[in-house]
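Shown next, in structure tokens, is the structure this report addresses.
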Amino acid sequence: MSRRLAQGFTPASAAGAPAVVALGANLGDRHATMDAAIAELRALPLTTDVRVAEPITSVAIKLDGPDVDAPQYVNTVAVLTTRLAPSVLLDALHEIEQRHGRVRLERWGDRTLDLDIVAYGDVRSDDPDLTLPHPRAAERLFVLEPWLAVDSDAVLPGVGRVNALVAALQGPDS
């Protein structure tokens with residue numbers, strides 16, 4: 001393994017660590033962008049077994065809450081195995097976003113592509129550049145439902161089973 005790509009990180013398994021990446025887009029040709037981003041995830045070095053859920057649509061979430069007037073998002077989740085260090089994976093995701101025209105003008109603004117690491121094995125980090133697991137993943141059905149679709153045994157580290165989180169968010173009336 002390349003020392004530069006691993007940056008001193010040693011995954012628990014020689015095959016690598018399981019990672020969960022959320023993908024979203026609400027500007028431009030959302031489906032084409034998602035397809036291209038998924039192909040780029042599959043092409044990442046030291047990364048294998050990329051499984052992707054069928055995309056879903058969701059209302060845009062802004063700092064003030066749901067925005068029904070904003071373009072809807074297309075969302076999915078990729079579960080993969082990687083030997084890239086978490087910070088290197090994040091850098092690679094940012095490069096993919098940039099290739100697809102991502103511009104960071106406002107926090108939680110509309111975007112051509114958004115890629116977030118939801119979880120990386122059991123790694124926990126409170127680094128402002130990479131908080132793991134993702135601090136709002138447990139609140140987002142548009143992350144949890146696709147994740148559950150590709151991994152029925154999924155667990156959000158430190159929080160719990162994804163199927164229980166989905167059930168709690170959907171409530172008793174669902």
Residues that Thr81 engages under side-chain hydrogen bond (donor to acceptor under 3.5 Å, both in side chains), provided they are two or more places apart: none
Thr33 side, atom OG1; Asp114 side, atom CG - distance, nearest 0.5 Å: 12.5 Å
Exercise: identify the closest heavy-atom pair between Pro66 and Val59: CB-CG1, 4.0 Å
Partner set under salt bridge (charged side-chain N to carboxylate O under 4.0 Å, His left out) for Asp67, not counting sequence neighbours: Lys62
Common cluster, Leu115/Leu46, ILVMFWY with side-chain heavy-atom separation under 4.5 Å: yes
Residues 147-167 side chain polar contacts: donor-acceptor under 3.5 Å, at least two apart:
from	atom 1	to	atom 2	distance (Å)
Asp151	OD1	Asp153	N	3.1
Asp151	OD1	Ala154	N	3.4
Arg161	NE	Asn163	OD1	3.4

With Arg124 via side-chain hydrogen bond (donor to acceptor under 3.5 Å, both in side chains) - residues at least two apart: none
Single hit among Asp91, Leu132, Asp127 for side chain to side chain contact (heavy atoms under 4.5 Å, CB included) with Pro86: Leu132
Identified side chain to side chain contact (heavy atoms under 4.5 Å, CB included) partner of Val20 from the options Asp116, Ile117, Val118: Val118
Residue pairs, two or more places apart or on separate chains, that pass salt bridge (Lys or Arg N to Asp or Glu O under 4.0 Å) and touch residues 138-148: none
Straight-line distance of Thr48 OG1 to Arg83 CZ, nearest 0.5 Å: 8.0 Å
Considering all heavy atoms, the nearest Ala37-His100 contact: N-NE2, 4.2 Å
Point-to-point distance, once rounded to the nearest 0.5 Å, from CE of Met34 to NE2 of His31: 8.5 Å
Distance in Å, Leu93 CG paired with Leu113 CG, rounded so as to fall on 0.5 Å steps: 9.0 Å
side-chain contact (heavy atoms from CB on, under 4.5 Å) involving Thr131 - partner list, sequence neighbours excluded: Pro135
Closest approach of Asn26 to Ala60 (non-hydrogen atoms, all atoms of both residues): ND2-CB, 4.3 Å
Whether Thr112 side chain and Leu27 backbone form a donor-acceptor pair below 3.5 Å: no
List the atom pairs, donor and acceptor, that lie under 3.5 Å between side-chain atoms in residues 68-78 and the rest of the protein, sequence neighbours left out.
from	atom 1	to	atom 2	distance (Å)
Tyr73	OH	Gly109	O	3.3
Tyr73	OH	Arg111	NE	3.3
Asn75	OD1	Ser58	OG	2.6
Thr76	OG1	Ala53	O	2.5

Within 6.0 Å of CG in Asp126, more than 12 heavy atoms from elsewhere: no
Salt bridge (Lys or Arg N to Asp or Glu O under 4.0 Å) pairs, two or more places apart, involving residues 28-42: Glu40-Arg99
By salt bridge (charged side-chain N to carboxylate O under 4.0 Å, His left out) - contacts of Arg51 (at least two apart): Asp49
Linked, directly or transitively: Leu141 and Val143 (ILVMFWY side chains, under 4.5 Å): yes
Which residues share a side-chain contact (heavy atoms from CB on, under 4.5 Å) with Leu80, sequence neighbours left out: Ala19, Val21, Thr47, Val50, Thr82
Within-4.5 Å side-chain heavy-atom neighbours: Leu130 and Tyr120: no
